[in-house]
Amino acid sequence: MDDEKRKLKALSDIASIDITLEFKEILQNILKIACETINANSATIILVDEETDEVRMAASYGLGQDYPERVHEAARDAGVPLTYGPSGIVLKTGKYYIVQNAFEEPRGKPWLHLTKELGFSSILFTPMKRGSKVIGLLNVYMARVHRFSEDEIDFVTIAASQAASIVHNSRMCSRLINNILELEQYEGRLEEKVKNAYKELYESEVKYRDLFEEADDPMYTLDTGGYFQTINNAGLKALRCTKEYVIGSHMSKWLTPESLIVFMELLQKQISGENQFEQPVTLEIICKNGEHRLSEIRTRIIREGDRITGVHGIARDVTEKKKLEQKIREYHERLRKSCEDLIEADRIKTEFISNITHELLTPLTSIRGFTELIYDETTGKVNDEQKKSLDIILRNSDRLIRLIKDLLDISQLEKNKFGMRFGLVSIGDVISKCMQDMQPQAKYKEITITRDIKPLPRIWGDGERLTQVITNLLSNAIKFTPQKGTITITAKESQNEVKISITDTGIGIPHDQLSRIFERFYQIDGSNSRKYGGAGLGLSICKSIVESHFGSIWAESNGNGSTFNILLPKLECIKN
Ligand code: ADP
């Protein structure tokens, strides 16, 4: 084969190198063909990395496997880059470069030891070009000093540009393979994801089914025609029948005609969007065994896009609840009625007490008046024995009159007709008057009443009613204090109130009764009324009077008698 043909065959061999081979193998094949064609001893390929622009010797032929690594090592040792050598010039200019004698090349110094060891003299550096871009170099080495002919230079230059195409294609090919690999991995992941999604869907479907089936409340779906499509166990229990019996049956089978109308209206409202919040309705259900039960139902329309495909429903049996509600309503009504009856009975009683007391008071007052006249001997002389009897009549009529007046006060209190005449009142005067009035009673039991009254401002109140309060408290104190006891009345003012206290040395009041004694008709010991007289009304009247003065009253007892305290607001406090 002549030289020309050999070169052409070599170029065609380079062009048909299998680009799916290992990259290094491709490069070595190129180098081998190039060397064999021009009888060169060895060759190398230097490539520029596409991404980093880093320059590396990628392959060598005829120089030993470790040659590329040794070249880099030598550059590192000399502290220069690979482009320090002639390859730097070719990369920069894009033109071939010939080193005639490697031992004389100043730029080859870092690699001189390798040149010596491997024994080459002339080197041809040719650019590997893609268009105008230099992507690397193909260099051929001759052991002897050699003058490269133009043919040789042309051949190596063409071989280098073919090598550039192959490198480019091979790079594209490996990129494509990487992409395919990535795609495959992505597909694998996608498949995994779809599988997982299906699994989750299946699990949630199972979960939903379980929830649906085992829910405490009846649940169902109807199609648009009102026929049952699904129903859960609670629903079957509520209708007292089996699934086969319900599925496919029409809603009307299970509702009273009235409830069916209500149900249809509810659906209508939901379709029109009026009952968006799923307000429940109570329907009367007819179970399979004929039993009627009340159920509270919520429904929701099922839509697929714009199309309505059915109705979801959830129900709750409210039969017992409704029965209970009805009972409560009836009970409430009865209670209201009894309350009204009681109010009426109380009104009649108050009316009666008010009438009867008036009826009693008039004759009693005249009995007392005439007895007093006889006692005072206005109607003629009476002997001592008769006077004693008349005295008993007088005291007993006083007690009766007191009792009747108390009853009258109570009935007026109940009618809210406790007429008050308010004005400026001197508490000191009220106390003096009460003491004076009660003196005979106290004297009768040899009880001493002392007073300790500081100068007091006048208060705003009803003098007569306040006198009634103090008299009542004094009367009780005398009543419940044994012979020769003492009663002390004190009165003083504080910042906002006037405080009056009446302390006795009587029988005292148990601690747990201190507030109860102010209740109407309350007496600590029922036998008191027989022993001491009274009807348990006095203190409750006192409390009402004090409270209508915006004041307060309370009792204290330490076992050695009792103290009754009254607080009345001062005039300026009422004004404010
Ligand atoms: P009564 O007319 O029965 O005295 P009150 O309402 O005035 O009714 O008093 C109610 C009860 O409070 C009395 O029955 C008595 O048990 C008790 N009580 C009232 N004042 C005193 C007191 N100073 N000492 C002891 N007990 C008293």
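Excluded from the calculations below are hydrogen atoms, water molecules and symmetry mates; all remaining heavy atoms, backbone and side chain alike, are included. All of these numbers come straight from a predicted model, not from anything done at the bench. Numbering of ligands and ligand atoms starts at 1, following listing order.
Using modelled atom types, no side-chain atom of H312 and backbone atom of M219 make a donor-acceptor pair closer than 3.5 Å.
Distances shorter than 4.0 angstrom occur between a heavy atom of S562 and an atom of ligand 1.
Looking at E330 and Q326, their side chains do bring a donor and an acceptor atom within 3.5 Å of each other. The closest side-chain donor-acceptor pair between D317 and T319 falls under 3.5 angstrom. When only modelled atom types and interatomic distance are considered, Q513 and R516 share no side-chain donor-acceptor pair under 3.5 Å.
The heavy atom nearest to atom 1 (P) of ligand 1, considering only A555, G538, G508, G536, is found in G536.
Near L537, the atoms of ligand 1 lying under 4.0 angstrom from a non-hydrogen atom of the residue are 6 (O), 8 (O). Atoms of ligand 1 found under 4.0 Å from any heavy atom of D504 (numbered from 1 in listed order, with element): 22 (C), 23 (N). Listed by number with element, the atoms of ligand 1 under 4.0 angstrom from any heavy atom of K479 are 1 (P), 2 (O), 4 (O). Close approach to Y522 involves these atoms of ligand 1, each under 4.0 Å from a residue heavy atom: 10 (C), 11 (C).
Only the side chain of I509 comes within contact range of ligand 1, with a heavy atom under 4.0 Å; no backbone atom does. Contact annotation: for D406 versus ligand 1, there are no heavy atoms closer than 4.0 Å. Neither the backbone nor the side chain of F518 comes within 4.0 Å of ligand 1, counting heavy atoms alone.
In this pair, F518 and F564 present their aromatic rings perpendicular. The plane angle is above 60°, beyond the 30 to 60° band.
Looking at S540 next to ligand 1, no N or O pair under 3.5 Å apart turns up. Residue F480 places no N or O, backbone or side chain, under 3.5 Å from any N or O of ligand 1.
By the salt bridge (charged side-chain N to carboxylate O under 4.0 Å, His left out) test, R395 pairs with D391, sequence neighbours left out.
For R368, the CZ atom is densely surrounded, since the number of other residues' heavy atoms within 6.0 Å is greater than 12.
Looking only at side-chain heavy atoms (C-beta outward), I286 and W254 stay at 4.5 Å or farther from each other.
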